[in-house]
Participant: 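What follows is a single structure, and I will ask about it in a moment.
We number each residue from 1, following the sequence as shown. Given the structure is predicted, the values throughout are model-derived calculations rather than measurements. Just so you know, these numbers use all the heavy atoms, side chains as well, and skip hydrogens, waters and symmetry mates.
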Amino acid sequence: MKIFIILAFVYKLVVADPLPIVLWHGMGDTCCVSVSLGSFKLFLERNIPGVYVNSIRVGNNTIEDLENGYFMSPEKQIEYVCDLLASDTKLRNGFNAIGFSQGSQFLRGVVQRCGHQLPPVKNLITLGGQHQGVYGLPHCGALQHETCDYVRKLLNYAAYYSWVQKALVQATYWHDPLDEEAYKKGSQFLADINNERVINRTYIKNLSNLDNFVMVKFDNDSIVQPRGTEWFGFYKPGQAKVLQTLQESTLYKEDRLGLKKMDKSGKLVFLSQPGDHLRFSQDWFIKNIINVYLDPKK
């Protein structure tokens, strides 16, 4: 009888349920409907049997979730999600996290700001994220054309006004390379989580606790400007034409966020896809993400 108990215990260890996955959608998207991340959640569940997937909803319903992606400050969203994840008992043994577009930098914000209060985050995977912000907004997702034009004008002329930072999510990761000082002073979200004003050691420690920080860039992205931000690159300061890589940036050279150390230890992973924003095949995702980071037993 004891032998059977031991064998059952060993079997449980070997075929333990896969680590849960947390998803955070991007601008103009929502958590759960079939034409949005709802279908991606089902895709993960089909390809990783037994996995638990928490697709984050910020608000009481999908309409609020969509609206909050534009109009609830990242500070409030991240605080909300930190509490949401902390109360999810199915995540108690840790989880993997996947961010889509702006959900990428918001999930990174969760890791940095409250990772020490959560179960361990093993892998952070960002798809088309804007880690060094954006300087240009060619498409506005689900917003109507006139509203989209209004958003652009606000960002071009008033992104760092305090009321705009509080009222419009996209202003909080607007990065003007022509005026770095205004950006560092006025950006309420991005300049903070990138440790560009002061160095927050908790941010560095929490991010460094990841097993892997995987960044996926889309080489023909027509949404994100510049595309290099998806790999933590950006324009060289003072102009908006010549790009620099993460490794060429002051952020990296001074290791203000611990990324240089993570890079040297093999924790930073740079992947690319040839398509437009968030365009990837299921086969590619299974081969390069699921089989490597989400369900490595395969």
Participant: Can you tell me how far OG of S162 sits from CD of Q188, rounded to the nearest 0.5 angstrom?
Facilitator: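 Separation between the atoms: 7.0 Å.
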
Participant: Would you mind listing every ring pair (Phe, Tyr, Trp, His ring centres under 6.0 Å) that reaches into residues 256-276, with sequence neighbours excluded?
Facilitator: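 Every pair satisfying ring pair (Phe, Tyr, Trp, His ring centres under 6.0 Å) with a residue in residues 256-276: W231-F270.
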
Participant: Please check if atom NZ in K184 has more than 12 non-hydrogen atoms from other residues, nucleotides or ligands closer than 6.0 Å.
Facilitator: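 Enclosed: over 12 neighbouring heavy atoms sit under 6.0 Å from NZ of K184.
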
Participant: Would you say S36's side chain and T30's backbone share a donor-acceptor pair under 3.5 angstrom?
Facilitator: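 Judged by distance alone, yes, a pair lies under 3.5 Å.
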
Participant: Under 4.5 Å between any side-chain heavy atoms of F285 and I98, yes or no?
Facilitator: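 They are in side-chain contact.
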
Participant: Determine, stepwise, if the pair N288 / V216 fulfils side chain to side chain contact (heavy atoms under 4.5 Å, CB included).
Facilitator: CA-CA 10 Å; N288 294 280; V216 180; over 6 Å; no

Participant: Are side-chain heavy atoms of F40 and L278 found at a separation under 4.5 Å?
Facilitator: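 Answer no - side chains too far apart.
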
Participant: Going by the ring pair (Phe, Tyr, Trp, His ring centres under 6.0 Å) test, name the single residue among F189, F232, Y183 that passes it with H175.
Facilitator: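 The ring pair (Phe, Tyr, Trp, His ring centres under 6.0 Å) with H175 is passed solely by Y183 among F189, F232, Y183.
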
Participant: With respect to N47, which candidate in N291, I286, D295 satisfies the side chain to side chain contact (heavy atoms under 4.5 Å, CB included) definition?
Facilitator: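 The residue from N291, I286, D295 that satisfies side chain to side chain contact (heavy atoms under 4.5 Å, CB included) with N47 turns out to be I286.
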
Participant: Would you name the heavy atoms of L19 and V51 that are closest together and state the gap between them?
Facilitator: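 Here L19 and V51 meet closest at O-CG2, 3.5 Å.
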
Participant: Within the structure provided, determine whether V22 and V110 are in side-chain contact (heavy-atom separation under 4.5 Å).
Facilitator: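 Side-chain contact under 4.5 Å: no.
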
Participant: Are V169 and F71 side-chain neighbours, meaning at least one heavy-atom pair lies under 4.5 Å?
Facilitator: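 With C-beta onward as the side chain, the pair stays apart.
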
Participant: Between N68 (side chain) and V58 (backbone), is there a donor-acceptor pair under 3.5 Å?
Facilitator: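 Side chain of N68 to backbone of V58, a donor-acceptor pair under 3.5 Å: yes, one is there.
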
Participant: Quick one: does M215's side chain get under 4.5 Å of F213's, heavy atoms only?
Facilitator: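 In short, these two side chains touch, coming nearer than 4.5 Å.
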
Participant: Under the 3.5 angstrom rule, does the side chain of N195 hit a backbone N or O of N200 as a donor-acceptor pair?
Facilitator: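 It does hold such a pair.
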
Participant: Does the distance from a Lys or Arg side-chain N to an Asp or Glu carboxylate O, for K217 and D219, drop under 4.0 Å?
Facilitator: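 Salt bridge: yes.
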
Participant: Keeping the roles fixed (side chain from D179, backbone from A182), state whether a donor-acceptor pair exists under 3.5 Å.
Facilitator: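 Yes: the side chain of D179 pairs with the backbone of A182.
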
Participant: Begin from the C-alpha positions of F95 and Y52 and carry the test ring-ring contact (aromatic ring centres under 6.0 Å, His included) through to its verdict.
Facilitator: CA-CA 9 Å; F95 59 95; Y52 167 68; 9.9 Å; no

Participant: Can any side-chain N or O of S187 pair as donor or acceptor with the backbone N or O of T172 at less than 3.5 Å?
Facilitator: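 It does hold such a pair.
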
Participant: List the atom of A171, the atom of A159, and the distance in Å for their closest heavy-atom pair.
Facilitator: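 So the two residues come closest at CB-O, 3.8 Å.
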
Participant: Examine distances only and state if a side-chain atom of T126 and a backbone atom of G129 form a donor-acceptor pair shorter than 3.5 Å.
Facilitator: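 A pair under 3.5 Å: no.
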
Participant: Is a donor on one side and an acceptor on the other found under 3.5 Å between the side chain of T229 and the backbone of P226?
Facilitator: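 Side chain of T229 to backbone of P226, a donor-acceptor pair under 3.5 Å: no, none is there.
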
Participant: Decide if the gap between the ring center of Y135 and the ring center of W174 is smaller than 6.0 angstrom.
Facilitator: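 Yes, the ring of Y135 comes within the 6.0 Å limit of the ring of W174, centre to centre.
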
Participant: With side chain to side chain contact (heavy atoms under 4.5 Å, CB included) as the test, would you mind laying out the steps for V269 and V292 before giving the verdict?
Facilitator: CA-CA 12 Å; V269 181; V292 181; over 6 Å; no

Participant: Grab the two heavy atoms, one from P119 and one from G94, that are nearest each other, plus how far apart they are.
Facilitator: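 Looking at all heavy atoms of both residues, the closest pair is CB-N, 3.6 Å.
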
Participant: Supply the atom-to-atom distance R201 CZ to N206 CG, rounded to the nearest 0.5 angstrom.
Facilitator: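 So the gap between those two atoms works out to 13.5 Å.
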
Participant: Determine the minimum heavy-atom distance between G258 and I204, stating which atoms define it.
Facilitator: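 Closest pair (atom of G258, atom of I204, distance): CA-CG2, 4.0 Å.
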
Participant: Please examine the side chains of L66 and D29, heavy atoms only from C-beta on, and report whether any two atoms are closer than 4.5 Å.
Facilitator: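 No - every pair of side-chain heavy atoms lies 4.5 Å or more apart.
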
Participant: Does anything in residues 96-115 form a side chain to side chain donor-acceptor pair (under 3.5 Å)? List the pairs, not counting sequence neighbours.
Facilitator: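 Applying side chain to side chain donor-acceptor pair (under 3.5 Å) to every pair that reaches into residues 96-115, excluding sequence neighbours, yields E75-R113, N96-N123, S101-Q130, S101-H277, Q102-Q170, Q102-Y173, Q105-Q130, R108-Q112, R108-H131, R108-N194, R113-D192, R113-Y203.
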
Participant: Does the side chain to side chain contact (heavy atoms under 4.5 Å, CB included) test come out yes or no for V134 and Q225, once each step is laid out?
Facilitator: CA-CA 5 Å; V134 296; Q225 295 181 357; 5.6 Å; no

Participant: Please give me the minimum heavy-atom distance between F218 and G275, naming the atom from each residue.
Facilitator: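 For F218 versus G275, the nearest heavy atoms are CB-O, 3.5 Å.
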
Participant: Is there a donor-acceptor pair under 3.5 Å between the side chain of E254 and the backbone N or O of R256?
Facilitator: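 No, the answer is negative, given that no donor and acceptor are paired below the 3.5 Å cut-off.
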
Participant: Is the closest side-chain heavy-atom distance between L91 and L118 below 4.5 Å?
Facilitator: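 No. Closest side-chain heavy atoms not under 4.5 Å.
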
Participant: When clusters are formed from ILVMFWY side-chain contacts under 4.5 Å, directly or step by step, what else is grouped with V33?
Facilitator: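 V35, listed by chain and number.
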
Participant: Kindly determine whether L23 and V53 satisfy side chain to side chain contact (heavy atoms under 4.5 Å, CB included), including the steps that lead there.
Facilitator: CA-CA 7 Å; L23 309 176; V53 181; 3.7 Å; yes

Participant: Output the distance between atom CG (L257) and atom OG (S208), rounded to the nearest 0.5 Å.
Facilitator: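 So the CG of L257 and the OG of S208 are separated by 8.0 Å.
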
Participant: Hey, could you give me the CG/CD distance between N61 and E64, rounded to the nearest 0.5 Å?
Facilitator: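 It comes to 4.5 Å.
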
Participant: Tell me, which pairs form a side chain to side chain donor-acceptor pair (under 3.5 Å) where one or both residues lie in residues 260-272, sequence neighbours left out?
Facilitator: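 Qualifying pairs, neighbours excluded: Q247-D263, Y252-D263.
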
Participant: Work out which heavy atom in D176 is nearest to a heavy atom in Y160; give both atom names and the distance.
Facilitator: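 Result for this residue pair: N-OH, 2.9 Å.
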
Participant: Determine whether W24 and Q77 make a side-chain contact, defined as any pair of heavy atoms from C-beta on separated by less than 4.5 Å.
Facilitator: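 W24 vs Q77: side chains touch.
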
Participant: Find the distance between CD (E45) and CD1 (I21) and round it off to the nearest 0.5 Å.
Facilitator: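 Answer for the CD-CD1 pair, E45 versus I21, is 9.0 Å.
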
Participant: Quick one: do H25 and F100 satisfy ring-ring contact (aromatic ring centres under 6.0 Å, His included)? Show the steps, please.
Facilitator: CA-CA 5 Å; H25 64 81; F100 294 76; 9.0 Å; no

Participant: Please check if the number of heavy atoms outside R197 that lie under 6.0 Å from its CZ is greater than 12.
Facilitator: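 Enclosed.
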
Participant: Can you hop from F43 to W284 via hydrophobic side chains spaced under 4.5 Å?
Facilitator: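 Both belong to a single hydrophobic cluster.
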
Participant: Any chance you could measure C31, atom SG, to L37, atom CG, to the nearest 0.5 Å?
Facilitator: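 If we round to the nearest 0.5 Å, C31:SG and L37:CG are 7.5 Å apart.
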
Participant: According to ring pair (Phe, Tyr, Trp, His ring centres under 6.0 Å), who are the partners of Y80, at least two apart in sequence or on a separate chain?
Facilitator: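 Ring pair (Phe, Tyr, Trp, His ring centres under 6.0 Å) list for Y80, sorted by chain: empty.
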
Participant: Do you reckon L42 sits in the same ILVMFWY cluster as I290, going by side-chain contacts under 4.5 Å, direct or chained?
Facilitator: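 Per the 4.5 Å side-chain linkage, L42 and I290 are not co-clustered.
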
Participant: Suppose we screen for disulfide bond (SG atoms under 2.5 Å apart). Which residues come up paired with C114, at least two apart in sequence or across chains?
Facilitator: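 If we apply the disulfide bond (SG atoms under 2.5 Å apart) test to C114, skipping adjacent residues, the hits are C82.
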
